Participant: 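Next up is a structure, given as structure tokens.
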Amino acid sequence: MLIDFFYTLRAAKLPVSVKEYLTLLEALRAQVIGPSVDDFYYLARTALVKDEAHYDRFDRAFGAYFKGVEMLVDFSKEVPLEWLRKTLELELSPEEKAAIEKMGWDELMEALKKRFEEQKERHAGGSKWIGTGGTSPFGAYGYNPQGIRIGQDKGRNRSAVKVWDQRAYKDYDDTKELGTRNIKVALRRLRRFAREGAEEELDLDDTIHSTAANAGMLDIKMVPERHNKVKVLLLMDVGGTMDEHIHRVEELFSAAKTEFKHLEFYYFHNCVYDFMWKNNRRRFAEKFPTWDIIRKYNKDYKLVFVGDATMSPYEILQAGGSVEYNNEEPGAEWLQRLTHAFPKFAWINPEPQGVWQYRQSIAIVQQLMNQRMFPLTLAGLEQAMRLLSK
């Protein structure tokens with residue numbers, strides 16, 4: 001019954017063996033789980049995946065194979081009304097959108113507090129209550145130029161200043177096969193080779209010279225292997241609007257892992273604050289304070305940000321502006337600390353350069369980066385690497 005599922009995982013380049021597949025079947029025969037797709041997902045992942053680095057590929061393969069199956073398996077659940085309501089998208093003319101006044105930060109947070117105290121039931125549409133499909137600054141699936149998004153799976157207008165959800169992000173896959181070698185070629189402009197470490201590589205010229213000087217007796221000479229000694233600290237935006245750029249960022253990440261022996265990486269969301277993380281599944285449990293990162297790596301590291309810089313300006317300039325928690329200091333403060341600690345820095349932006357001028361947050365980040373922002377294109381990467389190599 002599950003043989004096609006097994007082949008789907010193999011097609012996704014997951015190292016799944018027949019023995020592991022048989023273990024999964026034995027567990028199903030023993031009825032260790034109930035008739036739930038969620039239970040089967042965790043059982044299959046436990047039995048078939050032995051390395052956390054493969055979780056992302058497993059999730060994508062699982063989702064592609066079992067798409068929609070949960071509705072067929074669990075007959076005890078009714079179809080949620082929200083699934084139907086989501087299909088109703090609010091359409092406003094440019095004039096109507098322009099007519100909606102923007103609230104300031106303090107007024108927005110105070111108004112939300114009052115709505116929670118006053119509202120007693122669910123609302124759809126309208127311009128005041130917390131609900132769906134309206135012009136209220138609080139809720140989901142509606143439109144307001146600067147609102148608080150509550151209970152929506154992802155952004156639509158990219159204008160929310162706060163998100164009242166705990167969202168799960170996925171690590172970028174650093175083993176992803178590149179569709180082109182151009183990114184690697186561009187990154188190679190940032191090279192400084194040195195021979196360090198154990199002597200593992202044959203020095204042909206010295207061997208020939210020494211053998212000749214030794215009356216023909218073979219005298220093999222070895223040297224340490226040449227490595228790119230450039231050190232790179234890579235900070236990557238993940239989740240939200242960055243979901244649109246996963247493929248190209250994974251290509252960049254994979255190329256960087258290949259080209260730079262000394263590569264350290266961390267994740268952040270939208271803007272850097274007082275902590276970052278290395279594993280998106282444990283981002284709240286395993287935090288790395290930004291101050292510790294600044295102190296851990298010396299100024300020899302080249303600092304590279306990767307992000308679309310698309311967010312509410314509050315997230316950069318306002319204490320408490322993070323969409324996920326109340327940060328004590330503005331993101332701008334942390335960006336300035338990082339660029340001061342690592343004088344060689346650049347920001348790589350996967351958003352098309354033609355839209356940069358229409359995003360207020362991009363203009364702010366460009367200013368904080370001293371205009372060292374480059375598009376995620378071949379020409380943009382080459383320019384960034386030339387700047388970092390000076």
Side-chain angles (χ1 to χ4, degrees), residues 89-90 92-105 108 135 137 140-149 152-163 167 169 172 234-249 252 267-273 303-324 327 330-336 338-339 345-381 383-384 387:
E89 296 290 343
L90 182 68
L92 296 178
S93 68
E95 293 77 14
E96 290 172 323
K97 290 184 179 181
I100 300 175
E101 295 182 358
K102 298 182 180 180
M103 286 186 175
W105 173 263
L108 188 69
T135 59
Y141 304 103
Y143 174 81
N144 191 284
Q146 286 191 347
I148 296 177
R149 194 169 80 236
Q152 182 175 313
D153 55 353
K154 62 182 180 179
R156 295 166 58 247
N157 297 298
R158 304 184 180 186
S159 60
V161 300
K162 206 76 171 177
V163 177
R167 293 170 291 170
Y169 308 136
Y172 291 125
L234 185 63
L235 307 183
M236 295 178 289
D237 184 6
V238 64
T241 56
M242 283 297 292
D243 288 348
E244 301 175 13
H245 309 294
I246 287 177
H247 178 70
R248 285 194 299 157
V249 175
L252 175 62
Y267 293 110
F268 65 94
H269 179 58
N270 284 358
C271 192
V272 176
Y273 300 111
L303 177 62
V304 179
F305 296 90
V306 179
D308 59 8
T310 298
M311 67 196 93
S312 166
Y314 289 124
E315 297 182 62
I316 309 171
L317 303 174
Q318 179 77 42
S322 168
V323 297
E324 297 191 302
N327 51 297
E333 292 288 338
W334 289 106
L335 292 177
Q336 290 176 336
L338 284 162
T339 55
F345 61 88
W347 187 293
I348 308 298
N349 193 331
E351 278 285 283
Q353 197 167 5
V355 306
W356 290 7
Q357 59 182 317
Y358 303 108
R359 306 272 170 81
Q360 185 180 357
S361 59
I362 292 181
I364 296 172
V365 173
Q366 278 185 300
Q367 184 176 358
L368 292 169
M369 292 291 111
N370 295 328
Q371 305 303 317
R372 299 184 187 184
M373 181 178 287
F374 304 90
L376 183 48
T377 62
L378 180 57
L381 286 174
Q383 294 173 14
L387 174 67

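Here the structure is a predicted model, which means the values were calculated and not measured.
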Participant: Once side chain to side chain contact (heavy atoms under 4.5 Å, CB included) is applied, do any residues pair with Ala346, and if so which ones, sequence neighbours excluded?
Facilitator: Phe374, Ala384, Leu388

Participant: Just wondering, do Val238 and Phe268 contact through their side chains at under 4.5 Å, heavy atoms?
Facilitator: no

Participant: Grab the two heavy atoms, one from Val306 and one from Met242, that are nearest each other, plus how far apart they are.
Facilitator: O-CE, 4.5 Å

Participant: Tell me the closest heavy-atom pair linking Tyr273 and Glu315, and the distance in Å.
Facilitator: OH-O, 2.6 Å

Participant: Assess whether side chain to side chain contact (heavy atoms under 4.5 Å, CB included) is satisfied between Asn370 and Phe345, documenting all intermediate values.
Facilitator: CA-CA 10 Å; Asn370 295 328; Phe345 61 88; 3.9 Å; yes

Participant: Which heavy atom of Arg248 sits nearest a heavy atom of Leu376, and at what distance?
Facilitator: NH1-O, 2.9 Å

Participant: Just how far is it from atom CG of Leu378 to atom CD of Gln383, taken to the nearest 0.5 Å?
Facilitator: 10.0 Å

Participant: Nearest 0.5 angstrom please: Glu333 CD to Leu317 CG, how far?
Facilitator: 10.0 Å

Participant: Please round to the nearest 0.5 Å and tell me the distance separating atom OG1 of Thr310 and atom CD of Glu244.
Facilitator: 8.5 Å

Participant: Leu338: which residues meet the side chain to side chain contact (heavy atoms under 4.5 Å, CB included) condition with it, sequence neighbours left out?
Facilitator: Leu235, Val272, Thr290, Ile294, Leu303, Phe305, Phe342

Participant: Any sub-3.5 Å donor-acceptor pair from Trp347's side-chain atoms to Gly307's backbone N or O?
Facilitator: yes

Participant: Please name the pair of heavy atoms, one in Ala309 and one in Met373, separated by the smallest distance, quoted to 0.1 Å.
Facilitator: CB-CE, 4.2 Å

Participant: Quick one: CD on Glu324 to CG on Asn270, what's the gap to the nearest 0.5 Å?
Facilitator: 8.0 Å

Participant: Closest heavy-atom contact between Glu351 and Asn349?
Facilitator: N-OD1, 2.8 Å

Participant: Step by step, would you call Val323 with His269 a side chain to side chain contact (heavy atoms under 4.5 Å, CB included)?
Facilitator: CA-CA 9 Å; Val323 297; His269 179 58; 3.9 Å; yes

Participant: Is there a donor-acceptor contact under 3.5 Å linking the side chains of Asp308 and Thr241?
Facilitator: yes

Participant: Please walk me through it: do Leu368 and Thr339 pass side chain to side chain contact (heavy atoms under 4.5 Å, CB included)?
Facilitator: CA-CA 9 Å; Leu368 292 169; Thr339 55; over 6 Å; no

Participant: Starting at CD of Gln353, measure out to OG1 of Thr377 and round the result to the nearest 0.5 Å.
Facilitator: 7.0 Å

Participant: Apply side chain to side chain contact (heavy atoms under 4.5 Å, CB included) to residues Met311 and Cys271 and explain how you reach the verdict.
Facilitator: CA-CA 8 Å; Met311 67 196 93; Cys271 192; 3.9 Å; yes

